[in-house]
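The shown structure was predicted, so the numbers you read here are calculated from the model rather than taken from an experiment.
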Amino acid sequence: MKRSVTTLGVVLALLLAAPAFAQDWENVDPSGQTVTFWHQHTRDRETALEKIVQEFNDTNEWGITVDAEYQGGYNDIYKKMVSLLGTADTPNLVVAYQNQAATYELVDGLVDMSPLVNSPKWGISPEDQADFFPGFWNSDIFPTFDNKRLGLAPNRSMEMMYYNADWLKELKAAGKIDFDGPPVTPEQFTAAACAASNTPFSGATASGSPIGYEMSADASRFASFTFAHGGNVYDSTTNRYTLDSPAAMDAMNWLQDMFTKGCAQLQTEAYGDQTDFGNGRLLFAVSSSSGLPFYRDAVDAAAAFDWSVAAIPHTTPEPVMNIYGASVSMPAGHSPEQTLAAWLFLKYYTGTKAQTEWAIASEYFPVRKSVAEGLADFFDAHPAYKTAFDLLPYGISEPNVPGYDPVRDNIASEMVAIADGEDVAETLHALNQQANLILDDQLSQLPSN
């Protein structure tokens, strides 16, 4: 990937050599434009998105037509975008994680949405901007690129703890733990995980040893545990990774201790934690809120116990939740009329009406606070979703810098090493040094002004 981006940097430095100028958006006419939108949604989510698109096509006053196209998964879309940046073959709208958007912007591949967002004629009013959850709104503003807005979020997910409530009650009744409800601190999490690993759940429907915590090694897990221990994985004031901060050390030492005691296991197959949780072998999982419908289905199809979600146990006074998700970006290189038309759909997609439809259909979190008013019945039917929704004000995000993809891979590998007993301090120091070298290499490709 790095070599491809470097090559593109040379080519696009020539393609994009024309002097930049401020677009007068107020006098652009978007009437009659056709907009392409590349996305990754399938099944029910694709159907819901197509419904929102059709509603926009049928009602917008400018006769704009949006053509939503499934283009594979996130990585498929990323690879297509990298090969097309700087050409007229890019879509007008594309889903992109923040680190992917940052990579596109290394070659000036995206439109800075700030003038459109704040346009008196076409933009989002200050009152409506305040309706967005701050963490979601700010996650697409890039300090690395002079605070450009390179995306707008239509949804977000959050890292959460899934727990078997009935099993916890059994552990408490047996005197194995001394607290009620889900664990709040890392110490309580460890106590319950260790107790569960020696005390099977009475309602388990599958054979095999009980599991306290089953970890899928992933950079978002690393970030979530570091946040929960009061730290961060990146310092945006210095633009440096902080993967070996004291909080990260504490988090990984805590995690390693659970593996050493036999209270945690590594996940050995994709979504294996959902299966083990559903059949009552696994007490705790830490995963994305986007998995809520899948955990629910797994439990309903197997052990059918009482379960819910909660904040990841933390050492901070309040929870610190890791929120993430792909946003929608606007590739550069299209006419002002097409770009404005694309923006008007994105504005519609992130409006309260469409957001309410999208949240119910997708079970992603909406990005606006006002959407909660339309979710009352949905909250009643899905209490775990409501519990998670109430944690949104505590959300912060992972780094939105170029090169985070290979850094994520390295983090996942080192989490496995730590679980296997590698020295935490030495591992994190080396990991952080390597991450900052990758960052430096990426930032060296920024176009000079």
Side-chain angles (χ1 to χ4, degrees), residues 135 157-199 201 210-216 218 220-233 245-261 263-265 273 277 280 282-289 291-292 295 299 305-324 365 379 382-397:
S157 301
M158 181 168 57
E159 290 268 305
M160 304 184 306
M161 175 180 66
Y162 291 76
Y163 65 92
N164 181 329
D166 285 343
W167 198 350
L168 282 174
K169 290 176 183 174
E170 290 182 2
L171 294 174
K172 176 68 188 305
K176 303 288 186 180
I177 57 176
D178 60 3
F179 59 92
D180 293 311
V184 176
T185 66
E187 291 77 15
Q188 289 180 339
F189 185 96
T190 299
C194 291
S197 65
N198 295 307
T199 312
F201 174 47
I211 308 168
Y213 169 52
E214 187 171 323
M215 185 184 79
S216 58
D218 184 279
S220 292
R221 301 295 106 75
F222 183 95
S224 298
F225 292 138
T226 301
F227 295 165
H229 279 76
N232 206 322
V233 297
S245 68
M249 295 280 187
D250 289 345
M252 291 303 104
N253 278 314
W254 164 72
L255 201 61
Q256 188 177 66
D257 179 61
M258 274 196 296
F259 278 91
T260 301
K261 293 176 177 175
C263 310
Q265 294 184 17
D273 53 347
F277 187 79
L282 173 63
L283 177 62
F284 296 131
V286 175
S287 186
S288 169
S289 60
L292 275 168
Y295 278 91
V299 173
F305 50 83
D306 184 25
W307 65 281
S308 191
V309 297
I312 293 173
H314 48 93
T315 63
T316 52
E318 301 286 348
V320 184
M321 307 300 291
N322 184 7
I323 56 171
Y324 49 69
F365 294 127
F379 285 155
H382 300 85
Y385 181 94
K386 175 63 166 58
T387 298
F389 186 92
D390 290 340
L391 291 169
L392 291 180
Y394 303 107
I396 63 174
S397 301

Could you go through Leu292 and Met160, starting from their C-alpha distance and side-chain angles, then the distance that decides it, and tell me whether this counts as side chain to side chain contact (heavy atoms under 4.5 Å, CB included)?
CA-CA 10 Å; Leu292 275 168; Met160 304 184 306; 4.2 Å; yes

Could you report the tightest heavy-atom contact between Phe277 and Phe305, atom names first, then the distance?
O-CZ, 3.0 Å

Nearest heavy-atom neighbours spanning Pro182 and Leu168
CA-CD1, 3.9 Å

Can you name the nearest heavy-atom pair linking Ala248 to Phe222, along with the distance?
CB-CZ, 4.0 Å

Just how far is it from atom CG of Asn322 to atom OG of Ser397, taken to the nearest 0.5 Å?
7.5 Å

Heavy-atom closest pair, residues Phe179 and Lys172:
O-CD, 3.5 Å

When every non-hydrogen atom of Pro186 is compared with those of Thr315, the smallest separation belongs to CG-CG2, 3.9 Å

Tested for side-chain hydrogen bond (donor to acceptor under 3.5 Å, both in side chains) against Glu159, the lone hit among Ser287, Ser220, Ser224 is Ser224

Looking at Asp306 and Asp166, would you say the former's side chain and the latter's main chain have a donor-acceptor pair under 3.5 Å?
no

Side chains of Leu392 and Phe389, heavy atoms from C-beta outward: is any pair under 4.5 Å?
yes

After noting the C-alpha distance and the side-chain angles of Leu283 and Phe201, does the key distance pass the side chain to side chain contact (heavy atoms under 4.5 Å, CB included) rule?
CA-CA 8 Å; Leu283 177 62; Phe201 174 47; over 6 Å; no

Can His314 and Val184 be said to form a side chain to side chain contact (heavy atoms under 4.5 Å, CB included), step by step?
CA-CA 6 Å; His314 48 93; Val184 176; 4.1 Å; yes

Roughly how far, to the nearest 0.5 Å, is CG of Asn253 from CE of Met258?
12.0 Å

Give the ring-plane orientation class for Phe284 versus Phe189, where under 30° counts as parallel, over 60° as perpendicular and anything between as tilted.
parallel

Val286 side chain reached by Phe225 side chain, heavy atoms, under 4.5 Å:
yes

Heavy-atom side-chain proximity of Tyr295 to Asp273 below 4.5 angstrom
yes

Side-chain touch Pro313/Met161, heavy atoms, less than 4.5 angstrom:
yes

In Å and rounded to the nearest 0.5 Å, what is the CD to CZ distance from Gln265 to Phe259?
8.5 Å

Measuring only between side-chain heavy atoms, which start at C-beta, is Ser157 closer than 4.5 Å to Tyr324?
yes

Measure up the Tyr162 and Trp307 rings against each other and bin them: parallel (under 30°), tilted (30 to 60°), perpendicular (over 60°).
parallel

Heavy-atom side-chain contact between Ser289 and Val309 under 4.5 Å
no

Which value, rounded to the nearest 0.5 Å, describes the distance between His229 atom NE2 and Leu255 atom CG?
9.0 Å

Taking all atoms of both residues into account, what is the closest heavy-atom pair of Leu391 and Ala311, and its distance?
CD1-N, 3.7 Å

As a quick check of understanding, evaluate side chain to side chain contact (heavy atoms under 4.5 Å, CB included) for Asn232 and Phe227, giving each step before the final call.
CA-CA 6 Å; Asn232 206 322; Phe227 295 165; 3.3 Å; yes

